[in-house]
Amino acid sequence: MSKPLIGISTYLEPARWGVWDLPAALLPAGYPRLVRASGGLAAMLPPDDDPAAAAEVVARLDGLVIAGGADVEPARYGAEPSPRTGPPARERDAWELALIEAALASGTPLLGVCRGLQLLNVALGGTLVQHLDGHTGGRGMFGEHTVKPVPGTLYASLVPEAVDVPTYHHQCVDRLATGLVASAHAGDGTVEAAELPGAAWVLGVQWHPEMGRDTRVTEGLVRAASPR
């Protein structure tokens, strides 16, 4: 049986390597490594200037991961930016929202990681908390805290017990979008996972599984994306 092809969104940033200082499509190596460890083939998806290309891209994939990263622009959910919200990444927002919409429309299995969960919530009409404390290990350092699954959810079927997860975020779900179901929480009540019940496999997690060793969430994505 061929391994499913899992696309992972990337983002454009200035980068330096060797003698070069150029714009680059970046993705932490943990993402493709995690997909491979979970039984899939990883394909990096650079942003496209034309969000309309997202449907054609997603049509060639078996599954999709929306990677973590910059804050979602508050205008996307009808809010003014707070002083602690990062600068907008409008092109990235447009591209990844288009990828999410294409995956939802086609029934392509979808995993959102950190920002990916937040974008999934925004795409479906939800809002975000623009700043909270205690969910990082400090500037540029991942923290760790416990998340507890909600019984009866997709996430709980993958990870039935409370686990410690690697975390780095200062934004989170505020008003959950219609149709989404919270499937894990942190000790302070923060929504740490949310999913869209239905025929398609759609799950977002607020932590960073690519920075840990637990592959159960991505194994679930790969199984859902595997040819029947």
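These values consider heavy atoms only, across backbone and side chains, with no hydrogens, waters or symmetry-generated copies. Because the structure is a prediction, the values reported are computed rather than measured.
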Which heavy atom of [X] sits nearest to which heavy atom of [Y], and what is that distance?
{"X": "Pro160", "Y": "Pro149", "answer": "O-CG, 3.5 Å"}
{"X": "Ala177", "Y": "Asn121", "answer": "N-OD1, 2.8 Å"}
{"X": "Pro74", "Y": "Thr85", "answer": "CG-CG2, 4.0 Å"}
{"X": "Pro46", "Y": "Thr10", "answer": "CA-OG1, 3.1 Å"}
{"X": "Leu27", "Y": "Pro32", "answer": "CD2-CD, 3.7 Å"}
{"X": "Leu176", "Y": "Ala182", "answer": "CD2-N, 3.5 Å"}

His131 and His170 aromatic ring geometry - parallel, tilted or perpendicular at 30°/60° bounds: tilted

Kindly indicate, with the supporting measurements, whether the criterion side chain to side chain contact (heavy atoms under 4.5 Å, CB included) is fulfilled by Arg223 and Leu158. CA-CA 11 Å; Arg223 283 194 300 272; Leu158 302 170; 3.5 Å; yes

Consider only side-chain heavy atoms of I, L, V, M, F, W and Y, link residues closer than 4.5 Å, and tell whether [X] and [Y] are in one cluster.
{"X": "Met44", "Y": "Leu26", "answer": "no"}
{"X": "Ile100", "Y": "Val65", "answer": "no"}
{"X": "Leu203", "Y": "Val173", "answer": "no"}
{"X": "Val217", "Y": "Val163", "answer": "yes"}
{"X": "Leu124", "Y": "Leu111", "answer": "no"}

is_close_aromatic(Tyr155, Trp201), centroid dist under 6.0 Å: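 Between Trp201 and Tyr155, which both carry aromatic rings, the centre distance is not below 6.0 Å.
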
Would you say the ring centers of Phe142 and His208 fall short of 6.0 Å from each other? yes

Calculate, to the nearest 0.5 Å, the distance between atoms [atom1] and [atom2] belonging to [X] and [Y] respectively.
{"X": "Glu144", "Y": "Trp207", "atom1": "CD", "atom2": "CH2", "answer": "12.5 Å"}
{"X": "Glu195", "Y": "Leu117", "atom1": "CD", "atom2": "CG", "answer": "11.0 Å"}
{"X": "Leu97", "Y": "Leu119", "atom1": "CG", "atom2": "CG", "answer": "5.0 Å"}
{"X": "Ile8", "Y": "Ile66", "atom1": "CD1", "atom2": "CD1", "answer": "10.5 Å"}
{"X": "Gln171", "Y": "Gln206", "atom1": "CD", "atom2": "CD", "answer": "9.0 Å"}
{"X": "Leu104", "Y": "Leu196", "atom1": "CG", "atom2": "CG", "answer": "6.5 Å"}

Using side-chain heavy atoms (C-beta onward) and a distance below 4.5 Å, is [X] in contact with [Y]?
{"X": "Pro47", "Y": "Arg92", "answer": "no"}
{"X": "Arg60", "Y": "Leu5", "answer": "no"}
{"X": "Gln130", "Y": "Asp71", "answer": "no"}
{"X": "Val165", "Y": "Pro209", "answer": "no"}
{"X": "Val202", "Y": "Leu120", "answer": "yes"}
{"X": "Val122", "Y": "Thr127", "answer": "no"}
{"X": "His185", "Y": "Val191", "answer": "yes"}
{"X": "Leu41", "Y": "Ile6", "answer": "no"}

Test: salt bridge (charged side-chain N to carboxylate O under 4.0 Å, His left out). Region: residues 161-190. Which pairs qualify, not counting sequence neighbours?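 Applying salt bridge (charged side-chain N to carboxylate O under 4.0 Å, His left out) to every pair that reaches into residues 161-190, excluding sequence neighbours, yields Glu161-Arg216.
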
Atom CG of residue position Asp49 - does it have more than 12 heavy atoms of other residues, nucleotides or ligands inside 6.0 Å?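 Result for CG/Asp49: open.
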
Take atom CH2 in Trp17; do more than 12 heavy atoms of anything else shown fall under 6.0 Å from it? yes

Looking only at atom types and distance, does a side-chain atom of [X] sit under 3.5 Å from a main-chain N or O of [Y], one as donor and one as acceptor?
{"X": "Tyr168", "Y": "Cys114", "value": "no"}
{"X": "Ser183", "Y": "Thr153", "value": "no"}
{"X": "Ser106", "Y": "Ala102", "value": "yes"}

Run the numbers on Asp62 and Lys3 for side chain to side chain contact (heavy atoms under 4.5 Å, CB included), then give the verdict. CA-CA 9 Å; Asp62 300 306; Lys3 295 180 179 180; over 6 Å; no

Apply the test side chain to side chain contact (heavy atoms under 4.5 Å, CB included) to residues Leu110 and Leu99: give CA-CA distance (whole Å), side-chain angles for both, the deciding distance (0.1 Å), then the verdict. CA-CA 10 Å; Leu110 169 64; Leu99 289 173; over 6 Å; no

Please walk me through it: do Leu132 and Cys172 pass side chain to side chain contact (heavy atoms under 4.5 Å, CB included)? CA-CA 8 Å; Leu132 76 165; Cys172 66; 4.0 Å; yes

Please determine whether a side-chain nitrogen of the Lys or Arg among Arg90 and Glu73 lies less than 4.0 Å from a carboxylate oxygen of the Asp or Glu.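 Between Glu73 and Arg90 there is a salt bridge, with a charged N closer than 4.0 Å to a carboxylate O.
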
Is any NZ, NE, NH1 or NH2 atom of the basic residue among Asp93 and Arg115 found under 4.0 Å from an Asp or Glu carboxylate oxygen of the other?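 Here Asp93 pairs with Arg115 in a salt bridge, since their nearest N and O are under 4.0 Å apart.
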
Under 3.5 Å side-chain donor-acceptor pair for Thr218 and Ser38: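 Yes, a side-chain donor-acceptor pair sits under 3.5 Å.
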
